[in-house]
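Notes for the one structure printed next.
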Protein chains: 4
Amino acid sequence: MPKIVDHDQYRKELLSKSFDLFAQKGYGSVTMRQIAQSLAVSTGTLYHYFPSKQVLFEQLVEEISQQDVSAALAELEGTQTLSESMTALGRYLVKNEDYFIKWTYIWVNFCQHQDSKTMLNSSVLKHANKRYQQAACNVLGVEDPVLATFLLSFVNGLILEKLWGDETIDFIEQCRLLGKMLMVYLQDKIN
Amino acid sequence: MPKIVDHDQYRKELLSKSFDLFAQKGYGSVTMRQIAQSLAVSTGTLYHYFPSKQVLFEQLVEEISQQDVSAALAELEGTQTLSESMTALGRYLVKNEDYFIKWTYIWVNFCQHQDSKTMLNSSVLKHANKRYQQAACNVLGVEDPVLATFLLSFVNGLILEKLWGDETIDFIEQCRLLGKMLMVYLQDKIN
Amino acid sequence: MPKIVDHDQYRKELLSKSFDLFAQKGYGSVTMRQIAQSLAVSTGTLYHYFPSKQVLFEQLVEEISQQDVSAALAELEGTQTLSESMTALGRYLVKNEDYFIKWTYIWVNFCQHQDSKTMLNSSVLKHANKRYQQAACNVLGVEDPVLATFLLSFVNGLILEKLWGDETIDFIEQCRLLGKMLMVYLQDKIN
Amino acid sequence: MPKIVDHDQYRKELLSKSFDLFAQKGYGSVTMRQIAQSLAVSTGTLYHYFPSKQVLFEQLVEEISQQDVSAALAELEGTQTLSESMTALGRYLVKNEDYFIKWTYIWVNFCQHQDSKTMLNSSVLKHANKRYQQAACNVLGVEDPVLATFLLSFVNGLILEKLWGDETIDFIEQCRLLGKMLMVYLQDKIN
DNA sequence: CATGAATGAGGGTTCATTCAT
DNA sequence: TATGAATGAACCCTCATTCAT
């Protein structure tokens, strides 16, 4: 009977624990020792689960990208009107602000390392993108890719502004504004 | 008499030339040798102008933040209606897409290194923020900070989506959509 | 299970092996690479055992200062008269000439680097000093600090003269001279 | 008319000003920039007067070794008895303690660098040695090389003890002790 | 003569990675 | 499996030295 019941699960555990470190320092500035230390394992063990720093990072990104968006979006369900949805979205952003900022750091880091190499791995990016598009459509209740992109961009931008240290930003206020704009826009479109 | 060099101007020249490299590789993954090589100087010379990699990077960020936003935004002037403004904005983004993506990489890298240290330097961030807010108001023709933030977030988000490799995004289409939404929204507000 | 190494003992082994190099070249002129090479390890290994060149050197000094003086002086025991003691001392110096010269180089280097910094570490110096004083008293068979200092100074000076390249110096002759002087002096004091 | 009346004199001025720096930091740890700065000239100027750091140092040593010993020893003249001479010697050491310590640092550094290279330059050492021997004979009033070496060693040793941080040492007391010992010794020899 | 910008080899130190245990 | 000692290339940075002005 091995000590660790599930090799793969332990691997994922290590990945999720290394998330913060990569987000805070950036890929190029974290060392394998630091990671090992923060995971309370030896470097040898780290290399037992991941063949290289590069791969570790890529698996981390993949892990993030596979976290089920729909599950998260369940929180936004049960809302009837667009207005309610947007308010819920605002609250959701506020609640997970830290996570989203870290998430943004990691993705940006990942892309920064991708475009200097083969963009083969971009499949993970593209796949993630699709799911976010779909999620946006669900939230909006409209199957319009342009509008979905609009929503995603806006949300990304809000996070980015926060990441840049603008503490005056009010996610809820902003989302409410978006809600109003969407409503009058869609209304207008129908007429 | 020493070699005649305008020390400060040369320094700025080196800074602007190092922009691309930092954007492509990220702070932690660029080496001083690479920078020196891409600037066609020796490492010694690099250190003659910058006391450390850290400082070089910080000065680069400062340099970027001091590039005159208003001059750039002059391009958007001469537009009469909001609709025209937004279309112009879209074209502007398309034209400078590469620059904005690099610009985003650099700022994100900068923030990533800041928050592990004293956030004292955030003055440069805050200052830059203010100017972007003002620029947004100018473009909108409305002095509403919430709306300005809305616009900025949206634009940031668009860039970010592009940065993430979504090549399907159409800046012009998105900006036109934003234009429409703003119009009906502002109209509705008046009534 | 890791490689089994007696970390501390190996550290001391490395220290004693680096003694010659520091003595020959001087602190500021030895490189860590040279040290590593002469110890037949990699620089990485060197840094595994010592956090810095500075600390390596300081530990070397400490190691030297802890070498048991009394054990060495046992050689001088078994002598009955002052005259015999001094002759023994002379032979002792001749036998260990090389070591004492190196020893002097190292201590001088150490002091040279101390006085530009906090003299906190001087504890090691003071402690060593005391033990040498005591050893001098033992050799003299007299508990007179002034006389002890006299002896120590003389011995130090002899080494120093040798260090300076004076090959004509004859330790035994000099020590015999010292012996005579001490004898007539002590005799005279009694009368 | 050149700015500097006498090239050679200016060179010596630079040398004597660099004395302290070499003494404090040690040959291997001083940089040409530091020297230039402390001399308030540019590195270029430094190299105008000295072809290399090595040569600068060697010339410094030579300069030291050529400082007229006899002139300095004039202070000890006018003493009648050995006892008086020794007391004068003690005062002389006290007065010039700092200088002698620095002097020792420099010489030790010099030797440290010599023995790893060709000992050709030892001529300067040998020459200096001879003059010190002669000076010692003068002070003693006896033309005995062994006794001269004895005196020199003792004085060297006193300085060395001070250099090592032993602040309890009393040069005058020690020299007086030496005086007594010499007296009874010489007296005894005659009988 | 004097300056200080420029160089690039080399210094101290770190790091991803390997491997004996 | 798990460990951490070991490696050496590569990192950031410094230095003696050169040379255009």
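Each chain gets a letter, A, B and so on, in the order the sequences are listed, and its residues count up from 1. These numbers come from the heavy atoms of this one structure, side chains and all, not from hydrogens, waters or symmetry mates.
Side chain of A:Y47, nearest nucleotide from F:dA16, E:dA2, E:dT17: E:dT17. Residue C:M32 places its side chain closer to E:dT13 than to any other of E:dT13, F:dC15, F:dC13.
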According to the Watson-Crick and G-U wobble definition with distances under 3.5 Å, which dot-bracket string, read 5' to 3', encodes DNA chain F, using [ ] for crossing pairs and | for pairs with another strand?
.||||||||||||||||||||
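At a threshold of 4.0 angstrom between heavy atoms, the contacts of B:S52 are confined to the sugar-phosphate backbone, with no base atom among them. In this structure, B:T45 reaches the bases: a heavy-atom distance under 4.0 Å links it to at least one base atom across the strands shown. Counting non-hydrogen atoms under 4.0 angstrom, C:V30 reaches the backbone sugars and phosphates but no base.
Each of B:K53 and C:A40 has a nearest nucleotide on DNA chain F; the 5'-most of these lies closest to C:A40. Each of C:P51 and B:T43 was assigned the nucleotide of DNA chain E with the nearest heavy atom; the assignment lying further toward the 5' end belongs to B:T43. Between D:S29 and D:G44, the one whose closest nucleotide on DNA chain F sits nearer the 5' end is D:S29.
Rounding to whole angstrom units, NZ of residue A:K25 and P of E:dA16 are separated by 11 Å. At whole-Å resolution of the value, CD in A:Q37 and C1' in E:dC15 are 14 Å apart. If you measure from atom CZ of D:F50 to atom P of E:dC1, you get 14 Å, rounded to the nearest angstrom. Between the P atom of F:dA5 and the OH atom of C:Y49 lies a distance of 6 Å, rounded to the nearest Å. Between the CG atom of D:L46 and the C1' atom of E:dA2 there is a distance of 12 Å, rounded to whole Å. C:D6 has its CG atom 11 Å from the P atom of F:dA5, to the nearest Å. Atom pair B:F57:CZ and F:dC13:C1' shows a separation of 19 Å (rounding to whole Å applied).
Nearest heavy atom pair, residue A:S52 against residue A:V55, reads OG-N, 3.1 Å. Between D:L60 and D:I106, the shortest heavy-atom contact is CD2-CD1, 3.9 Å.
Within a 6.0 Å sphere centred on CD of B:Q67, other residues, nucleotides and ligands contribute more than 12 heavy atoms. For C:Q66, the CD atom counts as densely surrounded, since its 6.0 Å shell holds more than 12 non-hydrogen atoms of other residues, nucleotides or ligands.
If you check residues 11-20 of chain C against DNA chain F, you find no residue with a heavy atom closer than 4.0 Å.
Between the D:Q34 side chain and the D:T31 main chain, a donor and an acceptor come within less than 3.5 Å of each other. Judged by distance alone, the side chain of B:S42 and the main-chain N or O of B:T45 form a donor-acceptor pair under 3.5 Å. With hydrogens and angles disregarded, no donor-acceptor distance shorter than 3.5 Å links the side chain of D:E63 to the backbone of D:S16.
Remark: D:H7 is in phosphate contact with E:dC1, judged by side-chain N or O atoms under 4.0 Å from OP1 or OP2. Look at D:Y10 and you won't find any side-chain N or O under 4.0 angstrom from OP1 or OP2 of E:dC1. Within the 4.0 Å cut-off from OP1 or OP2 of E:dC1, not a single side-chain nitrogen or oxygen of D:H48 is found.
Put simply, the side chain of C:R33 and the base of E:dG10 share no donor and acceptor less than 3.5 Å apart.
The aromatic rings of C:W164 and D:W103 stand perpendicular to each other, their planes meeting at an angle above 60°, with 30° marking the opposite boundary. Between D:F19 and D:Y99, the ring planes lie parallel to each other; the angle is under 30°, not in the 30° to 60° tilted range.
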For A:Y27 and A:Q54: C-alpha separation, side-chain torsions, deciding distance, then whether side-chain hydrogen bond (donor to acceptor under 3.5 Å, both in side chains) applies.
CA-CA 9 Å; A:Y27 176 79; A:Q54 173 91 333; 3.2 Å; yes
